[in-house]
Structures are given as C-alpha cells and as structure tokens.
Participant: 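Please read through the structure below; I'll follow up with questions.
Position 1 is the first residue of the sequence, and the numbers go up from there. Remember, it's 1-based here, ligands and their atoms both numbered in the order they're listed.
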Amino acid sequence: MTTATKTKPAFSPDQVSVVFVLGGPGAGKGTQCEKLVKDYSFVHLAAGDLLRAEQNREGSEFGELIKNYIKEGLIVPQEITLALLRNAISENVKNNRHKFLIDGFPRKMDQAISFERDIVECKFILFFDCPEDVMLQRLLERGKTSGRSDDNIESIKKRFKTFKDTSMPVIEYFETKSNVVRIRCDKPVDEVYKDVQAAIRDRL
Ligand code: C5P
Ligand code: MG
C-alpha cells in the first residue's frame with residue numbers, strides 16, 4: 001500500500017499575500033503593476049523578467065533553453081519559473097515584505113496548481129482583458145525600443161496562440177473559483193488604473 005504525502009504550502013495567505021496579474025501579451029500588466037508599486041507597498045515580480053534575468057545570468061544552465069522558449073512564445077517548464085519565484089518571494093519575506101503582485105504567472109495549468117499547492121494560495125486574480133488588435137499595436141510599438149527578442153510579428157503571433165490555447169484555461173479555472181477581477185484595458189492607462197484601484201480597495 002502506498003500512502004500519499006500531503007504537503008503544505010510554504011506560506012499561509014495571512015503571512016504572504018499574492019495577487020496574480022494575468023492577461024495577454026501587451027495587455028498592460030507591467031504598466032499597471034508599476035503604478036501599483038508606487039501607490040501601495042507591493043513587491044512586483046514579473047515571471048518574464050525573472051526568466052530573462054536567469055537567461056542572462058552567467059553560468060546559468062538554463063540560459064539557452066529559456067532563450068529558445070521565449071523567442072518561440074512557449075511556456076518555459078514550470079520547475080524553472082517556480083524556483084525563480086519561490087526564491088524571490090523568500091528573499092522578500094526575509095526582508096519583511098509580504099505583499100506580492102505576480103505578473104505573467106501562472107501561464108499554464110500546471111503552474112497554477114503547483115504554486116498554490118507548494119508556495120501560497122493567491123488572494124485574487126487581476127485579469128487584463130484586451131482585444132488582440134490593441135495588444136498587437138502596443139507590442140509592435142514597444143518592439144521599436146524594447147530590444148526584446150519576442151516583440152516581432154513572428155514571435156507575437158506565437159505568443160497570442162499560446163495565450164489562447166494554454167493561458168486562457170488558467171483564467172477560466174480561476175473563474176470557477178470566483179476570484180477573478182476582469183478589467184477592460186483597451187482604454188487609456190489612467191482610466192484602467194482607476195478600475196484596478198477599485199478592485200484592490202475592495203479585496204485587500
Ligand atoms: O510576461 P512576458 O511577456 O515578459 O513573458 C515573456 C515570455 O517568458 C513568455 O512569452 C514565455 O515564453 C516566458 N514565460 C513563461 N512562463 C511564465 C511567464 C513567461 O514561460 N509564467
Ligand atoms: Mg510584462
């Protein structure tokens with residue numbers, strides 16, 4: 001007979017408060033998170049930024065793999081992203097910072113399940129809902145100066161496909177648990193931010 005070991009998450013939601021910030025590429029997740037960081041005491045952890053930092057870290061055994069996945073708009077195997085997030089959260093908790101905006105994560109169902117099982121349950125999800133043509137224009141504009149290997153039309157198309165096929169099911173899963181706040185973001189940054197602030201006010 002085998003006995004299943006039930007592991008507890010590393011933190012309780014009373015100790016560590018996590019808001020997942022989701023939405024398609026170019027929806028404005030990073031922009032809104034920056035504004036929230038200025039006005040509230042959140043730590044902003046962007047999964048894509050953590051992956052790019054790991055890609056560029058000298059001696060990283062995952063550099064080449066991350067580079068290829070990002071260029072192809074594919075989701076990097078969860079073990080890598082989860083380890084980066086877990087480290088970043090632990091470091092911040094050591095420094096008495098307990099409120100996190102986790103931007104661009106979870107992007108795939110396995111990440112959602114593993115994070116909440118092993119690290120902490122999220123408080124709620126901010127979902128930036130944006131039409132694809134608006135996201136496309138923003139990404140092409142950003143691509144003029146971002147230097148990102150995936151802000152070009154070929155990669156963007158792949159990222160949109162991954163979002164639809166792999167990431168939307170994550171949002172639909174959280175919707176069944178009724179903790180998704182959907183925010184329309186095909187309007188000016190400051191108008192979107194008013195809706196974001198209202199969502200935060202009601203829920204934190
Ligand atoms: O969020 P951002 O657009 O910066 O992510 C860039 C890329 O990083 C994604 O297209 C994907 O290849 C990778 N990524 C991932 N898993 C995540 C977040 C980002 O594989 N949870
Ligand atoms: Mg971003």
Side-chain angles (χ1 to χ4, degrees), residues 18-37 42-57 60 62-89 100-120 122 125-130 132 134-171 173-174 183 185 189 192-193 196:
V18 162
V19 178
F20 290 142
V21 182
L22 300 177
K29 303 182 291 295
T31 305
Q32 294 295 325
C33 284
E34 272 175 35
K35 293 178 78 68
L36 286 170
V37 165
F42 282 110
V43 177
H44 174 210
L45 299 178
D49 290 346
L50 292 173
L51 287 165
R52 280 182 286 271
E54 177 64 20
Q55 177 195 310
N56 295 329
R57 187 174 63 82
S60 167
F62 304 119
E64 203 56 28
L65 181 150
I66 294 172
K67 189 171 157 196
N68 294 330
Y69 273 77
I70 287 184
K71 183 97 195 298
E72 292 303 317
L74 294 171
I75 305 303
V76 172
Q78 63 159 346
E79 290 74 16
I80 298 176
T81 317
L82 276 164
L84 294 170
L85 279 171
R86 182 195 278 271
N87 288 344
I89 291 171
F100 297 90
L101 295 168
I102 308 231
D103 157 3
F105 180 99
R107 285 268 231 301
K108 191 171 174 179
M109 265 320 289
D110 63 349
Q111 301 184 340
I113 304 287
S114 303
F115 185 94
E116 292 206 305
R117 184 194 56 213
D118 297 342
I119 304 181
V120 66
C122 81
I125 290 94
L126 280 176
F127 168 41
F128 291 115
D129 193 4
C130 194
E132 207 168 275
V134 175
M135 298 196 287
L136 175 66
Q137 286 317 312
R138 289 183 186 162
L139 292 173
L140 291 174
E141 191 55 37
R142 184 175 78 183
K144 292 178 185 164
T145 53
S146 70
R148 276 180 54 159
S149 65
D150 58 351
D151 282 345
N152 57 76
I153 190 69
E154 293 78 23
S155 295
I156 290 169
K157 281 187 189 154
K158 293 175 183 170
R159 292 160 71 195
F160 284 165
K161 180 166 168 36
T162 298
F163 177 66
K164 269 194 260 168
D165 296 348
T166 310
S167 305
M168 269 314 291
V170 175
I171 292 156
Y173 160 76
F174 283 117
I183 292 178
C185 44
V189 172
V192 176
Y193 189 55
V196 171

Participant: List, ordered by chain and residue number, the protein residues whose closest non-hydrogen atom lies under 4.0 Å from any atom of ligand 1.
Facilitator: Ala47, Gly48, Leu51, Arg52, Tyr69, Ile70, Leu74, Ile75, Val76, Gly104, Phe105, Arg107, Gln111, Arg148, Asp150, Arg159

Participant: Decide yes or no for Ile102 and Phe115: does some side-chain heavy atom of the first lie under 4.5 Å from some side-chain heavy atom of the second?
Facilitator: yes

Participant: Only counting residues at least two apart or in another chain, list the ones meeting side-chain hydrogen bond (donor to acceptor under 3.5 Å, both in side chains) with Ser155.
Facilitator: Asn152

Participant: For a 4.5 angstrom cut-off between non-hydrogen side-chain atoms, does Pro169 reach Phe174?
Facilitator: no

Participant: Using a 4.5 Å cut-off on heavy atoms from C-beta on, say whether the side chain of Leu136 contacts that of Phe160.
Facilitator: yes

Participant: Quick check: do Val189 and Lys35 have side-chain heavy atoms less than 4.5 Å from each other?
Facilitator: yes

Participant: Answer whether the closest heavy-atom distance between the side chains of Arg159 and Asp151 falls below 4.5 Å.
Facilitator: yes

